[in-house]
Number of protein chains: 2
Amino acid sequence: MSLPFGLLGLLNRSPMAGYDLKKIFDDSINFFWSAQTSQIYRELNALEKKGYVVSEIKPGDKGPDKRIYSITEEGQSGLKAWLLDVPDDIGEDNRNAFLLRVFLSSNVGIDELIFQMQKRLRKYKKDLQRLELVKSRLSEYAQMPDKERELPYWKITLSRGFHDVESHIKWAEESLAYLQSTREETT
Amino acid sequence: MSLPFGLLGLLNRSPMAGYDLKKIFDDSINFFWSAQTSQIYRELNALEKKGYVVSEIKPGDKGPDKRIYSITEEGQSGLKAWLLDVPDDIGEDNRNAFLLRVFLSSNVGIDELIFQMQKRLRKYKKDLQRLELVKSRLSEYAQMPDKERELPYWKITLSRGFHDVESHIKWAEESLAYLQSTREETT
DNA sequence: GAATTCATGTAACTTGTTACATGATTTA
DNA sequence: TAAATCATGTAACAAGTTACATGAATTC
C-alpha cells in the first residue's frame, strides 16, 4: 500500500495537517497519485496507531484549529525501508477506462469514436497546461533553502508526467488522422 | 464501473464462459485492463441478475462442464448506452507506485535510484515484448471472417499500448543519463 | 448577511485483491 | 500416478469513492 508512505514522505519534509497534505496531493502530486480527504484522515489515524507519526492540536494562524502531524523516528525508518524494498511487479496501474471504450467501439462506429477522440484530445491538452502549472509550483518550492537537494528527483518525476501527456496527445492525433483516412476509404 | 461492460463487450462477440473471459483479459486486454477470476464470476452473476446476460451449463469439449454466458438484447442496448455516454472525467487511473518512490527518493539517494531505475528499464523492455505478442495474437484474430470490421479499433488500442511503453523506456533512459551526469558533478 | 474557504471527521458503499475449496480432465 | 490445466466459485480483506455532518473563520 503506497498512500501511507506518500503521506510519510511529505511529513518527513515538514509537519503538517491532513488538510495541508490534501492540498499538496491536489496541486502537485495529482498527476501520479490522488487521495480523498476521507482516505487521508483514515490513513493518518492508522499511521499514528502504528507509531509512525504523532499529532498535536495547534491553533491555525487563520481559520480553525489544526491537528498537526509529525513523523517519528520509527516513521522515518519505516519510510526508508519501504523505499529500499521495491517489489518487481509494482507500478503504474494500467486501467484505462477510455481505452476500454475505444477497444469496444466497433459497436458504435467510427464517427462516434472520432467525436469522442476529439474531446479526449482537448482534455489531454488541458492536462498539459495543468502540468505546466505543477512545474512552476515545484520549481518555486525547490528554490527554498534546504530544498534544492530534492530537485533532481522532482525533475524526473515531472518529466514522467510530460512524457505521459505528450504520448497521449500524439496518440490521439495519430488516431484521429487514421480514423479520418479509413472513413474516406469507405465513402 | 467499467469491468461489467468489458465483459459485456466480449460476450457480444460470442458467448463464452468466465474462464474464457479471464484468458482474454490475461493475454490481450491486460495492458489496459485486468481482472481477477473471483471478480469476473462476481460480475457475471450481477450481470445475470440484471438481465444483461443469460447462462447455460454445457459440457466442455475437453475438461469439465462450462457455464456459458450469452448477452441478451437488454445487455446489448446497455452496452451501447454505456459507450455513448462518456463522462468527461473518465480515463486512465494515474496512480503510479513507482513514480511515488522516485518522488521520495531524496531519502535514499541517487545511487539507489539509479539501481531501481535500471531494473525498471528492464521491466519496460519486457513489457514491450509482451505487447508484441498481444499484437500478433490480435492480428491473427482479426483475419478471421466477420472480424476484420473490428481491426481499426484494435489497431488504435494497441497503438496506445506501444506509445505508452515507448514513452516509459524513453523516460527511464533519459532519467538514467541525467542521474549519472548529476552524480559525476558531485564527485 | 451569505457564500466561500478552512478544517476534521464518520458511515456506507464499491471495486479490487488474496487466499482458499473443490473436483474433473489431461499431460508428462 | 503425479503434476498441470481446466473450471467455478466463496469468504475475508484492502483500498478507494461518495455522501454527509459539523462548525469556525474569512471574504464578498
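Lettering follows sequence order; numbering is per chain, from 1. Only heavy atoms go into these numbers, but all of them, side chains included; no hydrogens, no water, no symmetry mates.
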Taking CG from B/Leu21 and P from D/dA7, how many angstroms apart are they, rounded to a whole number?
12 Å
So, B/Asp20 and B/Lys23, do they make that salt bridge, N to O below 4.0 Å?
no
When you get a sec, tell me which of D/dG9, D/dT8, C/dG16 is the closest nucleotide to the side chain of A/Arg95?
C/dG16
Between A/Pro64 and A/Ser2, which is nearer to the 5' end of DNA chain D once each is assigned its nearest nucleotide?
A/Ser2
D/dT8 P sits how many Å from B/Arg67 CZ, rounded?
9 Å
What is the distance, rounded to the nearest whole Å, between atom OH of B/Tyr41 and atom C1' of C/dA19?
16 Å
Decide yes or no, distance alone: a donor-acceptor N/O pair under 3.5 angstrom between the base of D/dG16 and the side-chain of A/Arg42.
yes
In whole Å, I'd like the distance from the NZ atom of B/Lys22 to the P atom of C/dG16.
13 Å
Between A/Lys125 and A/Glu132 (salt bridge meaning N to carboxylate O under 4.0 Å), is one present in this structure?
no
Between B/Glu74 and B/Lys50 (salt bridge meaning N to carboxylate O under 4.0 Å), is one present in this structure?
no
For B/Ala35, which contact category applies under a 4.0 Å heavy-atom criterion: base, sugar-phosphate, or nothing?
nothing
For a quick check of understanding: with a heavy-atom distance under 4.0 Å over all strands, which category does A/Asp65 fall into, base, sugar-phosphate or nothing?
sugar-phosphate
Between A/Ile57 (CD1) and C/dT8 (P), how many Å, whole number?
9 Å
Can you check the B/Gln36 CD to D/dA7 P distance for me, whole Å?
19 Å
Distance check needed: C/dT14 P versus A/Gln39 CD, whole Å only.
17 Å
Identify, between B/Glu43 and B/Ser38, the residue whose nearest nucleotide on DNA chain C lies closer to the 5' end.
B/Glu43
Protein-nucleotide distance (B/Tyr19, atom OH; D/dC6, atom P), rounded to Å
4 Å
Taking NZ, NE, NH1 and NH2 as the nitrogens, is one of them in B/Arg183 or B/Asp111 under 4.0 Å from a carboxylate oxygen of the other?
yes
Between B/Asp88 and A/Lys123, is there a side-chain N and carboxylate O pair less than 4.0 Å apart?
no
